[in-house]
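Written below as structure tokens is the structure these notes are about.
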Amino acid sequence: MAAGEGIALVELDQDGVAKDFRADVLTGLAQEQKAVPARWLYDDAGSELFEEITRLPEYYPTRAETEILSARGAEFRELIGAGRAVVEFGSGSSVKTPLLLEAIGPAAYVPLDISGDFLRAAAADLAAKFPELPVYPVEADFMRKVELPRAVARYPKLGFFPGSTIGNMVPRTAVDLLRSMRATLGEGAKLLIGMDLIKDPAVLRAAYDDVQGVTAEFNLNLARRINRELGGTIPVDKLRHVARWNDTFARIEMHLEAVADLRFEVSGRGFSMAKGETIHTENSHKFDLRSQNTLLLAGGWTPVSRWLDSEGRFSLILADWTVPKGAP
Ligand code: AVI
């Protein structure tokens, strides 16, 4: 995943196809509400489309978070302090990561990513920008506890998880991840995490259904990927991209909706969709200030500071490993 937000562990089967991809698609298409996990949106084409999304006028999160990182460097430095090892969950964004590193003056930088190629490219890029900074890329699935390099054992850690990728997980998975991060980073750690905010559903829907149709392509690319990699016959031109606001769960949902009754095969198995039926392909949860706190606390992190961009659309939160005092 290009923007450093990868969360998949990919093992290949005999045909060179990701085993989990086949299993996830076949299981997901057999469910009453068809659904495919969002991580499969990010093949090379999907990752490039996502990069394009981050530059769209409607897609505010990347710009808003970058604004916070540019404007609040002095406060980060004061609250986080110099001399930490920054552990980034994902291979790092070429814009956001340097802003943070410049601001706080870390002792080392450790990007974690499941995709070795993106990881090595991003680490080399960063090492060129910060020639004095030790960089230790680690290829790992950070949904579980990761053993960090011995060279950073002596430094306190700052976890960095920008982009509101936490919002792409349902709460129970998000809590599991936060707990794994706590185990990975260890005692005395802090976490700087991006979380998108609940706002006018029209603004949210536009951010996930842009006029140029880039997000639609990003979503439809999943069906193309299934056809390409799993011998699928999905008539992609009979699917349309839908972005819905689910108010109960405070999330934008992406779906692929059948515009006619459809029959198709994937890996030799037959499936059908009635007109109007959908395949659910992604959740992007949005938060208010209390739901952010609750999620972080459930994951073992105590929120200590929060910054919003100038238009109040997006937030970065600094959280601490220390458990708050009071009755358990
Ligand atoms: C990667 N993630 C934070 C994006 C989001 O906003 O949920 C993925 C995305 N999907 C459609 N547009 C962007």
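Only heavy atoms go into these numbers, but all of them, side chains included; no hydrogens, no water, no symmetry mates. Residue numbers count from 1 along this sequence. Order of listing sets the numbers, starting from 1, for every ligand and every atom in it.
Salt-bridge annotation for Arg22 and Glu229: absent, with no side-chain N of the basic residue lying under 4.0 Å from a carboxylate O of the acidic one. Between Glu217 and Arg224, at least one side-chain nitrogen of the basic residue sits less than 4.0 Å from a carboxylate oxygen of the acidic one, meeting the salt-bridge criterion.
Of the candidates Tyr42, Tyr59, Phe218, Tyr59 brings a heavy atom nearest to atom 5 (C) of ligand 1.
Considering backbone and side-chain atoms together, Ser284 places an N or O closer than 3.5 Å to an N or O of ligand 1. Checked by distance only, ligand 1 and Lys286 stay at 3.5 Å or farther apart across all their nitrogen or oxygen atoms. Between Glu282 and ligand 1, a contact under 3.5 Å exists for at least one N or O pair.
Contact analysis leaves Gly167 out of contact with ligand 1, as no non-hydrogen atom separation drops below 4.0 angstrom.
Using bins of under 30°, 30° to 60° and over 60° for the plane-to-plane angle, the ring pair Phe50/Phe218 lands in the tilted bin.
Of the residues Trp301, Trp321, Phe160, the one that meets the side chain to side chain contact (heavy atoms under 4.5 Å, CB included) test with Leu191 is Trp301.
Looking at Asn168 against ligand 1, only its side chain comes within 4.0 Å, counting heavy atoms.
Residue Gly163 approaches ligand 1 through these ligand atoms, each under 4.0 Å from one of its heavy atoms: 3 (C).
Between the Ser291 side chain and the Phe287 main chain, no donor and acceptor come within less than 3.5 Å of each other.
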Taking it one step at a time, do Thr302 and Asp320 satisfy side-chain hydrogen bond (donor to acceptor under 3.5 Å, both in side chains)?
CA-CA 5 Å; Thr302 304; Asp320 200 286; over 6 Å; no
